Peer 1: 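Can you keep this structure in mind? I'll have questions shortly.
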Amino acid sequence: MRVRFAPSPTGYIHIGNVRTAIINYLIAQKTGAVMVLRIEDTDMERSTVESEKSIMEDLKWLGIRWQEGPDVGGNHGPYRQSERFGIYREYTEKLLAQGDAYHCYCSQEELDAMRAEAESKGTAFTYNGKCRNLTPEQKKKLEAEGRRPTVRFRVPDGETVSFRDHIKGPVTFSSENIGGDFIIVRSDGTPIYNYIVTIDDTLMGITHVIRGEDHLSNTPKQILVARALGLNVPEYAHLALVLGPDRTKLSKRHGITSLNLYREEGYLPEALINYLAMLGWASDTGEEIIPIKDIIAQIDITNLAKSAAIFDFQKLKWMNGKHLRELPLDRATDLFTPFIAKAGYDVSDRKFIERIVSVVQVKCEVLSDIGRLAGIFMEDAPEPDDEAAAMLRSEEGRQVIEAAAALFAGEINAGNFAESLVNAVKDRTGLKGKKLFMPLRALITGRLQGPELDQALPVIGFERVSKRIERCRKTFC
Ligand code: GLU
């Protein structure tokens, strides 16, 4: 079995395509199939080297590996379509010689007019076949006008294209309903996706094409080209679409859709793989938090999801938090460190960073959450935020500050503050529950939400706690 992921390098990788890559990868892992990465860069205006690079980096960051591709080579290369134009040209010659393709001289304006006419009649645009049977004289005349032809595939009349899709089941198209003869080579000589994709899949020995359902309507065109060229067609599995919460195609206006932004916010590869895999497949047991190896054990091309999946941003975040909490401290520290540095703090003391992480790991859903919590440990006396300041200004707030200040001037010292402070303030003020803990939290951390106080206190340290009490006493009492 050989599968492939075939991104177009025209920007950052979209989350829907990431899901396609993940499903291909997981199925390859499951079956021992070879995974091929093919770069579909025939749209010369929109394809960039930077985009290709970022796509590969993102895939690698996710942990997706391929055995053949532009960076690792292989026996079926080249793996960039822009390096395969010579191959496609030969096939174009063959189609032209067989009469399965012809030169079309219709200008953009003429085609636009045909399209507008179809629209005004409320029918779908079908190329009217104007250039189907031009005589050599007619062609010469059109060329003399300076027209540069495209190449169109001659769609056979009255042909049925049927295949069994692993997800959709039996699918049948009639050649009458696929929009008429379609362009396979632009007038500038660059070939079109629908034409070359099957050539590449066949030459690269791809046995299973697993891709988004948005390509389902392209499949009959691709199969007709393969038939005309005598090429084998692969098996297909068209993944149900990923939709936004309003059930329209997932797009930027729903939220983050490019993988690199998830990476920057501190999502974990294992959480993204877990979540996106579940958008195309459901576990037998109904479990949601599943390690990748268990997904691989359960997933199969025969049990992929049949209906569209709704991308739930909150759920992904929740799932990320679950995975984040499971990380061993050492790896969590590795992952959080750059986010603490990005928030502007010194990360040279690994042991200290590890202690911070051990306290806040459970409080974070994404790695970047640590940015707003790190100051609790890293700054001498962080400015209380508005909520915390309001709390400290209240009656209980001032009571707690006074009590803590008195305790720090007396019985509380560096040796006992971490265990004794909370209870000693409780005894002295008579406050308990929320009325005790909220002001204390505001006093010690400058926030109303954050790490558990008993865990945070020893990491913050005696000196800093005493500076904070002093500062709050001056500001609020
Ligand atoms: N380059 C196409 C895309 O990014 C791939 C389509 C396919 O998998 O056949 O949508």
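Counting starts at 1 for both ligands and their atoms, in listed order. Please read these numbers as outputs of a predicted model, since none were measured by experiment.
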Peer 1: Considering the heavy atoms of Ser8, write down every atom of ligand 1 situated less than 4.0 Å from one of them.
Peer 2: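 This gives 1 (N), 2 (C), 3 (C), 4 (O) as the contact atoms.
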
Peer 1: Taking C-beta and beyond as the side chain, do Arg80 and Glu83 meet within less than 4.5 Å on heavy atoms?
Peer 2: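 Contact flag for Arg80/Glu83 side chains = yes.
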
Peer 1: Just to confirm my output: which protein heavy-atom neighbour is closest to atom 5 (C) of ligand 1, and how far is it?
Peer 2: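 The answer is Ala6 O, 3.1 Å.
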
Peer 1: Checking a contact table here: which protein heavy atom is nearest atom 10 (O) of ligand 1, and how many Å away?
Peer 2: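 Going by distance alone, atom 10 (O) of ligand 1 is nearest to His215 NE2, 2.8 Å.
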
Peer 1: Check the side chains of Thr135 and Gln138 for a donor-acceptor pair under 3.5 angstrom, ignoring hydrogens and angles.
Peer 2: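 Note: Gln138 and Thr135 side chains meet the donor-acceptor criterion.
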
Peer 1: Evaluate Arg211 for polar contact with ligand 1, using N/O atom pairs at a separation under 3.5 Å.
Peer 2: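 Yes: some nitrogen or oxygen of Arg211 is under 3.5 Å from one in ligand 1.
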
Peer 1: Using a strict cut-off of 4.0 Å, indicate which atoms of ligand 1 neighbour a heavy atom of Tyr193.
Peer 2: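 Counting from 1, the qualifying ligand atoms are 6 (C), 7 (C), 9 (O).
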
Peer 1: Less than 6.0 Å separating the ring centroids of Tyr195 and Phe153?
Peer 2: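 Ring centroids of Tyr195 and Phe153 are no less than 6.0 Å from each other.
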
Peer 1: Glu40 heavy atoms, cut-off 4.0 Å: which ligand 1 atoms fall inside?
Peer 2: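 Going through ligand 1 atom by atom, the ones under 4.0 Å from Glu40 are 1 (N), 2 (C), 5 (C).
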
Peer 1: Only counting residues at least two apart or in another chain, list the ones meeting ring pair (Phe, Tyr, Trp, His ring centres under 6.0 Å) with Tyr25.
Peer 2: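 Partners of Tyr25 under the ring pair (Phe, Tyr, Trp, His ring centres under 6.0 Å) test: none.
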
Peer 1: Any nitrogen or oxygen of Val197 lying under 3.5 Å from a nitrogen or oxygen in ligand 1? Just yes or no.
Peer 2: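 Among all N and O atoms of Val197, none is under 3.5 Å from an N or O of ligand 1.
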
Peer 1: Between Lys322 and Glu365, does at least one N-O distance fall below 4.0 Å, as a salt bridge requires?
Peer 2: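 Looking at Glu365 together with Lys322, the answer is no, because their closest N to O distance does not fall below 4.0 Å.
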
Peer 1: Verify the ring-centre separation between Tyr12 and His14: is it less than 6.0 angstrom?
Peer 2: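 Ring-ring flag for His14/Tyr12: false, centres at least 6.0 Å apart.
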
Peer 1: For Asp200 and Tyr88, does a side-chain donor sit closer than 3.5 Å to a side-chain acceptor?
Peer 2: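 A donor-acceptor contact under 3.5 Å links the two side chains.
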
Peer 1: Residue-level breakdown please: for Phe5 versus ligand 1, do any non-hydrogen atoms fall below 4.0 Å on the side chain, on the backbone, on both, or on neither?
Peer 2: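 Near ligand 1, Phe5 shows nothing, with every heavy atom at 4.0 Å or more.
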
Peer 1: Check whether any heavy atom of Arg4 sits under 4.0 Å from an atom of ligand 1.
Peer 2: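 A heavy atom of Arg4 does come that close to ligand 1.
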
